[in-house]
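Heads up, the thing below is written out as structure tokens.
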Amino acid sequence: MQKDFIAELQWRGMIHDMMPGIEKQLSKELTSAYVGIDPTADSLHIGHLVGIMMLKHFQDAGHKPIVLLGGATGMIGDPSGKSKERNLLDEETLRVNEAGIKKQVMKFLDFDASADNNAKLVNNYDWMKDFSFLGFIRDVGKHITVNYMMAKDSVKKRLSAESSEGMSFTEFTYQLVQGYDFLHLYKAENCKLQMGGSDQWGNITTGTEMIRKMEQGEAFAVTTPLIKKSDGTKFGKTESGNIWLDPKKTSPYKFYQFWLNASDEDMSNFVRIFSTKSKDEIEALEKEHNQAPHLRVLQKALAEEMTVRVHSQEALDMALKASSILFGKSTTEELASIDEDTLLSVFEGVPQVTITKDELAAVDNATTFLAETTQGIVFKSKGEARKMIQGGGVSVNKNKVEDPNAEVDFQLLQDKYILVQRGKKNYYLVIVE
RNA sequence: GGGGGAAUACCAAAGCGGCCAACUGGGACGGACUGUAAAUCCGUUGUCUUUCGACUUCACAGGUUCGAAUCCUGUUUCCCCCA
């Protein structure tokens with residue numbers, strides 16, 4: 001149809017492994033494919049985006065993407081994952097999470113019912129919840145041998161001598177439950193392809209095996225490499241935790257910053273995986289980037305694209321403004337020109353303290369102000385404050401405090417705020433009332 | 001059971017009677033440089049304190065001494081060697 005899906009993924013470096021014959025299948029007819037996501041939270045984080053992007057390209061190639069929420073499988077836990085069983089989610093939480101995730105997925109995939117390749121979101125809890133144990137072992141279990149199941153790496157690892165903990169029967173059964181999802185979708189949606197991270201290969205092939213044995217059908221698997229960062233740390237995490245798509249969990253500003261701060265080495269991977277830009281556009285950007293790496297053209301382009309898609313143009317504008325205040329060479333004047341709403345949203349989450357005008361008036365010098373008047377949020381003691389000022393590490397309203405004994409004569413931003421900065425990255429907002 | 005050794009700040013590791021709040025390295029935090037990077041260089045790093053200084057630290061409890069992280073006694077923990 002429009003694009004060659006496999007070729008598209010290939011140049012983007014998103015194919016780790018695939019089953020032969022998939023290309024022929026895709027060129028033959030409109031095909032459905034699914035990616036599974038554990039609904040363990042009411043928001044996706046950027047680690048989930050790899051799977052979502054696969055579906056996005058799949059839909060762009062004219063095929064039908066299905067997002068499968070693992071309401072049932074997520075209750076069990078994949079033995080290959082963190083080798084730890086998950087907590088069971090109750091149904092109410094599950095539905096809340098489902099709604100939150102669907103809202104986010106809609107920003108990537110087209111759910112418009114009038115298109116014949118419109119995206120669909122399903123939850124395996126809906127077909128697994130009424131499945132009886134006897135029904136499952138009779139209809140599904142008997143088609144797959146334990147020998148077959150034991151041969152999977154995820155299982156072997158847990159049975160080997162090095163493994164410190166045993167594997168429960170529930171975990172062992174996981175691949176059957178996941179495999180059954182594929183079978184179910186094959187029958188219900190004519191879904192012939194499952195995609196996922198390379199660690200899912202074994203689980204996916206259990207599904208294709210079931211389809212082959214029970215339906216005499218042919219189904220396929222495509223996996224992507226797990227994202228690695230050049231410094232070896234885990235993708236999608238920062239010191240402050242996961243990068244979520246939900247603006248309440250990760251502000252658009254932080255979201256933008258995450259992409260902007262990606263290292264040069266990682267960028268060529270990231271941009272291919274997460275950007276919808278064409279090959280020509282990306283290669284042109286890379287060329288531009290390599291000519292002037294310090295401008296970080298690639299990081300900016302991807303950060304902008306991602307922020308607009310996940311949040312909005314307004315959110316991006318705000319993030320840009322916040323970034324220029326925090327990291328640019330902005331002056332007290334610029335700071336003062338920012339309206340109250342913007343100021344507060346930029347410094348949302350920053351430690352704050354409220355003092356009175358009288359307290360401010362009573363302050364004798366900068367050291368006292370930073371240690372005592374502000375109730376210790378900036379510095380715990382005057383000695384500490386003094387040392388840091390002498391080391392040149394303190395700014396108020398973007399002006400460096402030069403002398404620990406300087407008199408306090410700060411301009412109030414918007415008539416009520418004082419912005420204190422310790423080092424480059426630690427901000428404190430003092431509210432004067 | 002017998003013999004030997006070790007315990008020092010966030011970590012590692014010097015110090016073996018006064019010049020020790022304790023060398024040095026790492027880490028952390030600041031500064032300069034830079035691309036909100038890497039590398040490099042500089043500063044701070046027991047607490048409080050404007051300088052001076054004061055106070056609490058070198059496993060724990062006592063002791064010797066004008067003075068102890070350093071010497072003595074006991075206690076605890078760890079390591080090694082021989083049974």
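Within every chain, numbering begins at 1; the chains are lettered A, B, ... in the order of the sequence lines, protein sequences first and strands thereafter. The basis for the numbers below is simple: all heavy atoms, side chains too, and nothing from hydrogens, waters or symmetry mates.
Base pairing analysis places U56(B) opposite nothing; no Watson-Crick or G-U wobble pair with both distances below 3.5 Å involves it. Remark: G67(B) base-pairs with no nucleotide; criterion is Watson-Crick or G-U wobble with both hydrogen-bond distances under 3.5 Å. Summarising the base pairing, U40(B) is matched to A32(B) through a Watson-Crick or G-U wobble pair whose two defining distances lie under 3.5 Å.
With contacts defined as side-chain heavy-atom distances shorter than 4.5 Å, the pair T31(A)/K64(A) does not qualify.
Residue-level contact check: S263(A) touches neither bases nor backbone, having no heavy atom under 4.0 Å from any strand. At a threshold of 4.0 angstrom between heavy atoms, the contacts of N426(A) are confined to the sugar-phosphate backbone, with no base atom among them. Residue S323(A) is classed as a base contact, given a heavy-atom separation below 4.0 Å to a base. Base engagement by D264(A) is indicated by at least one non-hydrogen atom pair under 4.0 Å involving a base atom. The residue N405(A) sits apart from the nucleic acid: no heavy atom pair falls under 4.0 Å. Residue contacts shown for G383(A) include a base, since a base heavy atom lies under 4.0 Å away. Looking at heavy-atom distances under 4.0 Å, K425(A) makes contact with sugar-phosphate atoms alone, never a base. Across all strands, K380(A) comes closer than 4.0 Å to no nucleic acid atom at all (heavy-atom distances). Within 4.0 Å of L260(A), counting heavy atoms only, lies at least one base atom of the nucleic acid. Residue contacts for Q390(A): at a heavy-atom cut-off of 4.0 Å it reaches no nucleic acid atom on any strand shown.
A donor-acceptor contact closer than 3.5 angstrom is absent between the side chains of E304(A) and T307(A).
Checking the phosphate oxygens (OP1, OP2) of U49(B), a side-chain nitrogen or oxygen of S381(A) falls inside 4.0 Å. Phosphate proximity of A32(B) to K400(A): present, with a side-chain N or O under 4.0 Å from OP1 or OP2. R296(A) has no side-chain polar atom (N or O) that falls below the 4.0 Å cut-off from OP1 or OP2 of G35(B).
Atom name P, nucleotides U70(B) and C16(B): the rounded distance is 12 Å, in whole Å. Taking atom C1' on both nucleotides, A59(B) is separated from A7(B) by 6 Å, rounded to a whole Å. Taking atom P in both U44(B) and U24(B), the straight-line distance is 11 Å, to the nearest Å. A distance of about 16 Å separates the C1' atoms of A38(B) and A32(B), rounded to the whole Å. A gap of 34 Å separates the C1' atoms of C52(B) and C71(B), to the nearest Å. Separation of the C1' atoms belonging to U57(B) and A69(B) is 10 Å when rounded to the nearest angstrom. Comparing the P positions of U49(B) and U34(B) gives an interatomic distance of 36 Å, to the nearest angstrom. Taking atom C1' on both nucleotides, U76(B) is separated from A13(B) by 24 Å, rounded to a whole Å.
Between Y427(A) atom OH and G30(B) atom P there is a gap of 12 Å when expressed in whole angstrom units. Taking atom CZ of F258(A) as the reference point, atom P of A37(B) lies 16 Å away to the nearest angstrom. Separating the NZ atom of K300(A) from the C1' atom of A37(B) is a distance of 13 Å, rounded to the nearest angstrom. Between I389(A) atom CD1 and G31(B) atom P the separation is 13 Å, expressed in whole Å. Distance Q421(A) CD to G31(B) C1': 13 Å, rounded to the nearest Å. Protein atom CE of M388(A) is 8 Å distant from nucleotide atom C1' of U44(B), rounded to whole Å. In this entry the distance linking NZ of K387(A) with P of C42(B) reads 20 Å, nearest Å. Rounded to whole Å, the distance from CZ on F327(A) to C1' on U34(B) is 14 Å.
The aromatic ring centroids of F255(A) and W244(A) lie 6.0 Å or more from each other. Proximity of the aromatic rings of Y417(A) and F347(A) is defined here by a centroid distance below 6.0 angstrom, and this criterion is not met.
The existence of a salt bridge linking K254(A) and D246(A) is excluded, since no basic side-chain nitrogen approaches an acidic carboxylate oxygen closer than 4.0 Å.
Results of the side-chain contact (heavy atoms from CB on, under 4.5 Å) test with V310(A) over T250(A), L245(A), L316(A) single out L245(A) as the only residue that passes.
Aromatic ring orientation, H45(A) versus H48(A): tilted (interplanar angle from 30° to 60°).
Between Y253(A) and K382(A), the residue anchored nearer the 5' end of RNA chain B, judged by the nucleotide with its closest heavy atom, is Y253(A). Closest-nucleotide positions on RNA chain B for Q299(A) and R422(A) were compared, and the one nearer the 5' end corresponds to R422(A).
Closest contact between the side chain of Y256(A) and the listed nucleotides C29(B), U36(B), U50(B) involves U36(B).
Contact between T373(A) and V363(A) at its shortest, heavy atoms only, is OG1-CG2, 3.1 Å.
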